*Asks:* 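Before anything else, here's the structure in question.
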Amino acid sequence: MALLITDECINCDVCEPECPNQAISMGAEFYEIDPAKCTECVGHFDEPQCVQVCPVSCIPVNPAHVETRMTLWQKYQGLQRAAGLAEADIKPVPADLPADLPADS
Ligand code: SF4
Ligand code: SF4
C-alpha cells in the first residue's frame, strides 16, 4: 500500500526530504503523500523512511491503495524509468518474490 499522512501531522518538515520518490509535499493544511509515487520505500530502503522519522507517528498505510509488494516494486521501476535512469541502474524485482505477497510482509 501507499502510505497516508493524517491530520495529526504537525508540519515539522522532517519527512519530506527523506522520501526517495519525492512523494511527499505540503498540502492545503498539512503534508500529503502522492500514492502514485509512494512505494513504501520499496526499491530504496528496507523500511518506510517517513515513518522512521515522523515524531508524532501520523503516517499509517492508505487503505484506499492496497498493493502487493510486487506492485510496489513495479511502481519503483516505473518511477525510475520516468526519471530517466538507465535500465542497468534500476534494481530488478527480487527473483523469489511471490506475486501476491502483501505489501506489509
Ligand atoms: Fe516516500 Fe517511502 Fe514515505 Fe512512501 S514510505 S512517502 S516512498 S518515504
Ligand atoms: Fe507531518 Fe510527520 Fe512529516 Fe512531520 S514527519 S511533516 S509530523 S508527517
Side-chain angles (χ1 to χ4, degrees):
M1 298 185 204
L3 302 188
L4 168 74
I5 294 175
T6 72
D7 62 5
E8 293 172 72
C9 171
I10 58 172
N11 294 331
C12 72
D13 306 329
V14 170
C15 59
E16 188 269 339
E18 299 298 326
C19 179
N21 294 325
Q22 290 78 51
I24 303 173
S25 62
M26 190 62 195
E29 295 181 43
F30 49 89
Y31 277 88
E32 298 176 340
I33 293 175
D34 180 350
K37 293 182 177 177
C38 176
T39 64
E40 290 199 34
C41 287
V42 163
H44 297 281
F45 300 103
D46 291 336
E47 300 288 339
Q49 296 300 287
C50 55
V51 174
Q52 300 289 308
V53 299
C54 181
V56 294
S57 302
C58 67
I59 314 179
V61 294
N62 186 338
H65 292 276
V66 178
E67 294 161 298
T68 63
R69 189 148 284 260
M70 179 69 78
T71 300
L72 293 174
W73 266 102
Q74 291 167 341
K75 189 194 296 188
Y76 152 78
Q77 292 180 323
L79 289 168
Q80 299 301 99
R81 290 189 186 106
L85 262 74
E87 285 298 317
D89 294 329
I90 300 174
K91 293 178 195 169
V93 176
D96 58 350
L97 186 68
D100 58 351
L101 189 69
D104 58 357
S105 297

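Just follow the structure's listing: the first ligand is 1, and inside any ligand the first atom is 1. Here the structure is a predicted model, which means the values were calculated and not measured. Only heavy atoms go into these numbers, but all of them, side chains included; no hydrogens, no water, no symmetry mates. Numbers for residues simply follow the sequence, beginning at 1.
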*Asks:* With rounding to the nearest 0.5 angstrom, report the CD1 to CD1 distance, Ile59 to Ile24.
*Replies:* 6.0 Å
*Asks:* Side chain, backbone, both or neither: which part of Val51 comes within less than 4.0 Å of ligand 1 when only heavy atoms are counted?
*Replies:* neither
*Asks:* Which value, rounded to the nearest 0.5 Å, describes the distance between Glu16 atom CD and Ile5 atom CD1?
*Replies:* 10.0 Å
*Asks:* Looking only at non-hydrogen atoms, find the nearest pair between Glu47 and Gln52 and report the distance.
*Replies:* CB-NE2, 3.4 Å
*Asks:* What residue and heavy atom of the protein are closest to atom 4 (Fe) of ligand 2, and at what distance?
*Replies:* Cys12 SG, 2.2 Å
*Asks:* Which ligand 2 atoms, with their elements, are less than 4.0 angstrom from a heavy-atom of Asp13?
*Replies:* 6 (S)
*Asks:* Can you list the ligand 1 atoms lying under 4.0 Å from a non-hydrogen atom of Ile24?
*Replies:* 6 (S)
*Asks:* Output yes if Cys50 passes the N/O/S-under-2.8 Å test against atom 3 (Fe) of ligand 1; output no otherwise.
*Replies:* yes
*Asks:* For atom 8 (S) of ligand 2, which protein heavy atom lies nearest, and how many Å away is it?
*Replies:* Cys58 SG, 3.6 Å
*Asks:* Among Asp100, Val42, Val93, find the one that has a side-chain contact (heavy atoms from CB on, under 4.5 Å) with Arg69.
*Replies:* Val42
*Asks:* Hydrogens and angles aside, do Thr39 and Asn21 bring a side-chain donor and acceptor to less than 3.5 Å of each other?
*Replies:* yes
*Asks:* Near Thr39, which atoms of ligand 1 are under 4.0 Å from a heavy atom of that residue?
*Replies:* 7 (S)
*Asks:* Considering the heavy atoms of Pro55, write down every atom of ligand 2 situated less than 4.0 Å from one of them.
*Replies:* 5 (S)
*Asks:* Name the closest protein heavy atom to atom 2 (Fe) of ligand 2, giving the residue it belongs to and the distance to 0.1 Å.
*Replies:* Cys54 SG, 2.4 Å
*Asks:* If you round to the nearest 0.5 Å, how far is CD1 of Ile10 from SG of Cys54?
*Replies:* 7.0 Å
*Asks:* Can you name the atoms of ligand 2, numbered from 1 with element, that are less than 4.0 Å from a heavy atom of Val56?
*Replies:* 7 (S)
*Asks:* Minimum heavy-atom separation for Ala23 to Cys38, with atom names?
*Replies:* CB-N, 3.9 Å
*Asks:* For Cys41 and Gln49, work out which heavy atoms get closest and say how close.
*Replies:* SG-N, 3.3 Å
*Asks:* Return yes when at least one N/O/S atom of Cys15 is nearer than 2.8 Å to atom 1 (Fe) of ligand 2, and no when none is.
*Replies:* no
*Asks:* When rounded to the nearest 0.5 angstrom, what distance separates CD1 in Ile33 from SG in Cys19?
*Replies:* 7.5 Å
*Asks:* Looking only at heavy atoms, what is the nearest atom pair of Gln77 and Pro92, with distance?
*Replies:* NE2-CA, 3.7 Å
*Asks:* Looking only at protein heavy atoms, identify the closest one to atom 1 (Fe) of ligand 1 and say how far it is in Å.
*Replies:* Cys19 SG, 2.3 Å
*Asks:* Which distance, rounded to the nearest 0.5 Å, do you find between the CD of Glu67 and the CD of Gln74?
*Replies:* 10.5 Å
*Asks:* Output the list of atoms in ligand 2 that are nearer than 4.0 Å to some heavy atom of Tyr31, sorted by atom number.
*Replies:* 6 (S)
*Asks:* If you measure from each non-hydrogen atom of Ile10 to ligand 2, which part falls under 4.0 Å: side chain, backbone, both or neither?
*Replies:* both
*Asks:* What protein heavy atom is closest to atom 7 (S) of ligand 1, reported as residue, atom name and distance in Å?
*Replies:* Asn21 ND2, 3.4 Å
*Asks:* At less than 4.0 angstrom from any non-hydrogen atom of Leu3, what atoms of ligand 1 do you find?
*Replies:* 5 (S)
*Asks:* What atoms of ligand 1 come within less than 4.0 Å of a heavy atom belonging to Cys41?
*Replies:* 2 (Fe), 5 (S), 7 (S), 8 (S)
